[in-house]
Amino acid sequence: MLNIIILAAGLGKRMQSDLPKVLHPIAGRPMLAHVLDNARCLNPDRIIVVVGHGADRVQTMFAGQDLHFALQQPQQGTGHAVMQALPLVLEGDAQDACLVLYGDVPLVQGDTLARLLQARQTGLALLTETLADPSGYGRIVRDDAGQILRIVEHKDASAAQQAICEVNTGILAAPTQALRQWLGRINNQNAQGEYYLTDIVGLAVEDQIAVHHTQPSAAWETLGVNSRAQQAQLERIWQAEQARRQLDLGVTLADPARFDLRGTLHCARDVWIDVGCLFEGEVRLGEGVRIGPHCVLRDVTIGAGTHVEAFSHLQEARVAEDARIGPYARLRPGADIGAQAHVGNFVEIKKTQLGAGSKANHLSYLGDAIIGKRVNIGAGTITCNYDGVNKFQTVIEDEVFIGSDTQLVAPVRVGRGATIGAGTTLTHDAPEHTLTLSRAPQTTRQGWRHPTKRS
Ligand code: UD1
Ligand code: CA
């Protein structure tokens with residue numbers, strides 16, 4: 001039986017924020033969501049989150065997940081925090097473990113945690129690290145034989161202890177039954193007047209329970225966030241790591257330092273991504289897709305061979321194979337672009353199917369429309385889909401040619417093969433294979449004179 005206790009009650013004063021610290025994002029998701037992902041890699045029987053500051057907001061954000069919350073009010077230290085979780089901890093046999101994680105240490109990876117649990121055997125295991133500058137951290141005190149004796153907090157440490165570079169990351173795995181018993185024995189007689197979770201290490205040694213340790217696979221895994229600067233630093237570290245993973249999977253990134261992923265990105269073979277792109281939500285790129293510089297893609301699926309050119313913005317859209325999108329295209333929710341279709345600069349498409357081989361290359365708004373195959377949408381075409389109250393649909397059948405600067409006042413239908421003359425305001429359906437236009441006759445005034453300046 002594995003219980004995971006996540007400490008998330010702290011104030012996060014240095015964030016200077018009304019938002020509880022663990023709700024501040026890394027890669028677009030609350031820090032606590034990252035911790036939970038990594039915790040779930042271990043298939044725990046129960047996850048308990050200890051909340052305090054902003055408890056309501058934390059609980060609301062994570063409502064409906066398979067989680068338990070323990071309230072810690074007031075916050076009297078990490079040991080006190082774990083005590084609040086104990087009534088919710090599932091009981092099993094003496095072999096069972098509790099794993100303690102921090103809500104503000106978001107990037108500790110599942111494989112590191114699995115190694116920590118393994119290192120524990122039946123005893124206690126600490127995740128430690130050796131730092132060039134250990135100040136602020138609890139120090140790992142060992143005996144002459146190298147056995148861990150206890151943890152001394154920085155503020156309680158002697159000068160000799162402060163020189164120790166091996167530190168406590170705070171993450172540990174303990175035998176559940178012993179943990180209950182140790183927490184009943186700790187006190188707050190220390191420099192900070194707090195109940196230190198770290199005091200259980202000395203008690204384990206007293207009880208002759210083995211104290212093991214392991215180190216994280218990567219040093220950044222145990223970095224915590226106490227300030228906006230640390231949050232920004234961790235964001236860059238995580239983005240670099242995500243970029244590295246994409247490179248390993250065979251994606252080309254023009255510059256891994258200018259790649260941002262806030263969600264998941266699935267790429268088929270030979271995808272090429274230029275600088276400064278942002279991927280959000282769930283993005284799928286087919287084989288050979290090319291994404292130009294400075295594009296934003298959020299919850300989109302793009303078919304093989306499609307190119308998205310610079311400065312395009314795509315959200316909740318689907319693009320089929322071998323299409324050309326952008327530069328400066330905007331695909332809004334419900335845009336469904338067919339194979340080999342072209343969407344050019346300053347074209348906005350919403351809730352619209354653009355059929356295979358169709359083109360809307362310049363300056364258009366296409367909303368609530370069904371557009372067939374091999375249609376040409378002229379520059380400046382606008383579907384007038386909204387009367388101020390309701391939205392209406394425009395249907396354009398296959399092989400239609402819409403002249404430039406046409407307004408299609410929905411609901412309206414353009415029959416297959418029709419041509420709409422430039423400048424038309426279409427208010428009635430246009431029959432197939434005909435030319436329809438609405439245009440004031442052109443006149444030229446003979447004898448007209450250019451006005452002159454009045455004296
Ligand atoms: C703790 C460790 C220290 C370790 C360091 C690593 C203790 C006594 N010390 O110190 O050995 O080197 O982390 O960063 O454990 N929290 C609560 N309730 C509380 C206090 C803290 O939920 O009453 C949570 C915080 O929100 C935070 C985590 O526990 O997520 C750690 O608390 P923090 O105050 O940062 O601990 P440190 O003093 O830095
Ligand atoms: Ca801390």
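The figures that follow rest on heavy atoms only: side chains count, while hydrogens, waters and symmetry mates do not. All ligand and atom numbering here is 1-based and tracks the order in the structure. Not measured: the values here are computed from a predicted model. FYI, the numbering just counts along the sequence from 1.
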*Could you walk me through whether K155 and N190 pass the side-chain hydrogen bond (donor to acceptor under 3.5 Å, both in side chains) test, one step at a time?*
CA-CA 9 Å; K155 286 183 181 153; N190 52 52; over 6 Å; no

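- Ligand-side atoms of ligand 1 in range of Y196: 8 (C), range being under 4.0 angstrom from any heavy atom.
- Here's the thing with E153: one of its N/O atoms is less than 3.5 angstrom from an N/O atom of ligand 1.
- Interface atoms of ligand 1 facing T198, defined by a heavy-atom separation under 4.0 Å, are 7 (C), 8 (C), 9 (N), 11 (O), 15 (O).
- T383 and N385 form no side-chain donor-acceptor contact under 3.5 Å, judged by distance and modelled atom types alone.
- Residue contacts with ligand 1 for T169 involve N, CA, C or O but no side-chain atom from C-beta outward (heavy atoms, distance under 4.0 Å).
- Looking at K391 and D368, no side-chain N of the basic residue comes within less than 4.0 Å of a carboxylate O on the acidic one, giving no salt bridge.
- The environment of R120 atom CZ is dense: over 12 non-hydrogen atoms of other residues, nucleotides or ligands sit within 6.0 angstrom.
- In the vicinity of G138, heavy-atom distances shorter than 4.0 Å reach the ligand 1 atoms 3 (C), 4 (C), 11 (O), 12 (O).
- For the 3.5 Å distance criterion, the side chains of Q239 and E235 qualify, holding a donor opposite an acceptor.
- Close contacts between ligand 1 and Q76 involve ligand atoms 23 (O) [criterion: under 4.0 Å to a heavy atom].
- Taking 4.0 Å as the cut-off between side-chain N and carboxylate O, R236 and D260 count as a salt-bridged pair.
- Listed by atom number, the atoms of ligand 1 under 4.0 Å from A8 heavy atoms are 22 (O).
- Within a 6.0 Å sphere centred on CZ of R46, heavy atoms belonging to other residues, nucleotides or ligands number more than 12.
- Residue contact check for ligand 1: V50 places no non-hydrogen atom closer than 4.0 Å to it.
- By the criterion of a heavy-atom distance under 4.0 Å, neither the backbone nor the side chain of Q192 is placed next to ligand 1.
- Assignment of H80 to the shell around ligand 1 is not supported, since no heavy atom sits closer than 4.0 Å.
- Considering only residues two or more places apart in sequence or on other chains, E206 meets the side-chain hydrogen bond (donor to acceptor under 3.5 Å, both in side chains) condition with R185.
- Counting atoms of ligand 1 from 1 in the listed order, those under 4.0 Å from a heavy atom of D104 are 27 (C), 30 (O).
- Among L172, T78, I6, N226, the residue whose heavy atom lies nearest to atom 8 (C) of ligand 1 is T78.
- The pair E309-R324 fails the salt-bridge criterion, with no side-chain N (NZ, NE, NH1 or NH2) lying under 4.0 Å from an Asp/Glu carboxylate O.
- R115 and D111 are not joined by a salt bridge, as no carboxylate oxygen comes within less than 4.0 angstrom of a charged side-chain nitrogen.
- The shortest heavy-atom distance from V167 to ligand 1 is not under 4.0 Å.
- Checking only distances, A9 does come within under 3.5 Å of ligand 1, N or O to N or O.
- Among the atoms of Y137, none of the N or O lies under 3.5 angstrom from an N or O of ligand 1.
- Side-chain contact of T128 with E166: a donor-acceptor pair under 3.5 Å is present, judged by distance alone.
- Residue G77 places at least one N or O, backbone or side chain, under 3.5 Å from an N or O of ligand 1.
- The side chain of A81, and not its backbone, has at least one atom closer than 4.0 Å to an atom of ligand 1 (non-hydrogen atoms only; side chain from C-beta on).
- Contacts between E194 and ligand 1 below 4.0 angstrom, taking non-hydrogen atoms only, are absent altogether.
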